[in-house]
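Notes for the one structure printed next.
Residue numbers start at 1 and run along the sequence shown.
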Amino acid sequence: MPVLEVQDATLATYAAQLNLLLQQCVAAGASIGFIAPLSDDKAAAFWANVHQSVQSGERRMALVLDDDGRVLGTVQLVLDMPQNGQHRAEIAKLMVAPDARRRGNARSLMQWAEDVCRAEQRSLIVLDTRTGDAAEPLYFSLGFQLAGTIPAYAMSDTGTLDSTSIMYKQLLRE
């Protein structure tokens, strides 16, 4: 899938679709920091913060679009790290529309993130995901390793406290 890196204008162009994507993913049970149902206002506020972060260079963001220009998925790569962590980056908010999953969209987005890491001289990528979530096998297939789990890390829509898996991937310098 072709991946489009987000610029200021791009984010504004796709704002409504990004709100919908976030709401669909949360409604489908994605553990990405929100509890369903997610209001339009909360979704818009989230993307406004992301926009500021992209503008400042703290993070980079990419989209996967279908042939009609529909946003199928997105990922963010946090590059703003402390002075002793300039060699690493963090994956944030990998989202793929429920009806566009298992078609290589997430894999394409993760490959983009790795490519950016290499270009930015980052040798370590970290992420967290709900333990046992459908994304875990994807991350393992991409070469990520489990560093450990934290019990009762995040609350689900049903009120249960779910564990999170902390994962990492070391990139070879080319």
Side-chain angles (χ1 to χ4, degrees), residues 1-34 36 38-82 85-130 133-135 138-139 141-144 167-169 171 174:
M1 291 286 160
V3 175
L4 171 69
E5 183 160 350
V6 169
Q7 308 297 327
D8 283 347
T10 315
L11 202 50
T13 300
Y14 293 105
Q17 288 191 61
L18 288 167
N19 283 354
L20 180 61
L21 175 68
L22 178 59
Q23 290 170 315
Q24 288 174 335
C25 289
V26 170
S31 181
I32 51 177
F34 300 96
L38 180 62
S39 71
D40 290 335
D41 290 343
K42 284 186 180 176
F46 168 76
W47 291 114
N49 287 336
V50 170
H51 187 149
Q52 287 178 343
S53 194
V54 167
Q55 275 185 313
S56 71
E58 293 173 1
R59 71 181 61 213
R60 306 262 294 269
M61 182 177 154
L63 306 174
V64 172
L65 306 173
D66 70 9
D67 293 338
D68 295 326
R70 175 181 163 229
V71 174
L72 300 178
T74 184
V75 70
Q76 298 169 44
L77 185 66
V78 180
L79 297 171
D80 185 32
M81 295 291 154
Q86 295 297 302
H87 64 287
R88 70 177 185 257
E90 181 177 354
I91 299 292
K93 306 294 190 262
L94 174 64
M95 292 180 254
V96 175
D99 66 344
R101 293 181 181 161
R102 307 201 58 80
R103 295 184 195 160
N105 293 309
R107 187 171 297 278
S108 294
L109 289 163
M110 291 296 289
Q111 185 59 59
W112 168 86
E114 278 192 37
D115 292 345
V116 170
C117 283
R118 285 188 176 91
E120 295 287 334
Q121 303 296 306
R122 306 298 171 110
S123 60
L124 180 67
I125 307 175
V126 297
L127 62 83
D128 69 270
T129 187
R130 181 175 41 214
D133 203 51
L138 168 70
Y139 298 135
S141 77
L142 292 169
F144 281 80
M167 303 181 85
Y168 69 95
K169 181 175 183 177
L171 301 176
E174 296 177 354

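- In summary, Arg70 and Asp99 engage in a salt bridge, as defined by a charged side-chain N under 4.0 Å from a carboxylate O.
- At a threshold of 4.5 Å between non-hydrogen side-chain atoms, the residues Leu94 and Thr129 do not count as touching.
- Side chains of Trp112 and Arg60 form a contact here, defined as non-hydrogen atoms less than 4.5 Å apart.
- Between the CE atom in Met95 and the CG atom in Leu18 there is a gap of 7.5 Å [rounded to 0.5 Å].
- When all heavy atoms are compared, the tightest approach of Lys169 to Gly143 is CG-O, 3.9 Å.
- Nearest heavy-atom pair, Trp47 versus Leu11, reported as atom, atom and distance to 0.1 Å: O-CD2, 4.3 Å.
- Using a 4.5 Å heavy-atom cutoff, the side chains of Tyr139 and Met110 are in contact.
- Of the possible polar contacts, one joining the Gln86 side chain to the Pro82 backbone as a donor-acceptor pair under 3.5 Å is found.
- Using a distance-only test at 3.5 Å, with no hydrogens or angles considered, no donor-acceptor pair links the side chain of Ser53 to the main chain of Val50.
- What you find for Lys93 and Phe34 is that their closest heavy atoms are CE-CE1, 4.3 Å.
- Once rounded to the nearest 0.5 Å, the distance linking SG of Cys117 with CG of Leu171 reads 6.0 Å.
- Side-chain contact between Leu124 and Met81: absent, with no pair of heavy atoms (C-beta onward) separated by less than 4.5 Å.
- In the model, Gln23 has no side-chain atom that pairs as donor or acceptor with a side-chain atom of Asn19 under 3.5 Å.
- At a threshold of 4.5 Å between non-hydrogen side-chain atoms, the residues Ile32 and Cys25 count as touching.
- In this structure, Leu22 CG and Leu38 CG are separated by 5.0 Å, a value rounded to the nearest 0.5 Å.
- For Ala113 against Ile91, the heavy-atom pair with the smallest separation is CB-CD1, 3.6 Å.
- At least one side-chain heavy atom of Leu138 sits less than 4.5 Å from a side-chain heavy atom of Leu142.
- Panel note: side chain Arg101, backbone Val96; a donor-acceptor pair is recorded below 3.5 Å.
- Closest approach of Arg122 and Ala89 over heavy atoms only: CG-CB, 4.4 Å.
- Between Leu21 and Tyr14, every side-chain heavy-atom pair lies at or beyond the 4.5 Å cut-off.
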Solution key, residues 72-80 side-chain donor-acceptor pairs under 3.5 Å, sequence neighbours excluded:
from, atom 1, to, atom 2, distance (Å)
Thr74, OG1, Ala62, O, 2.8
Gln76, OE1, Arg59, NH1, 2.5

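- Listed here is the closest heavy atom pair of Val3 and Ser108: CG2-O, 3.7 Å.
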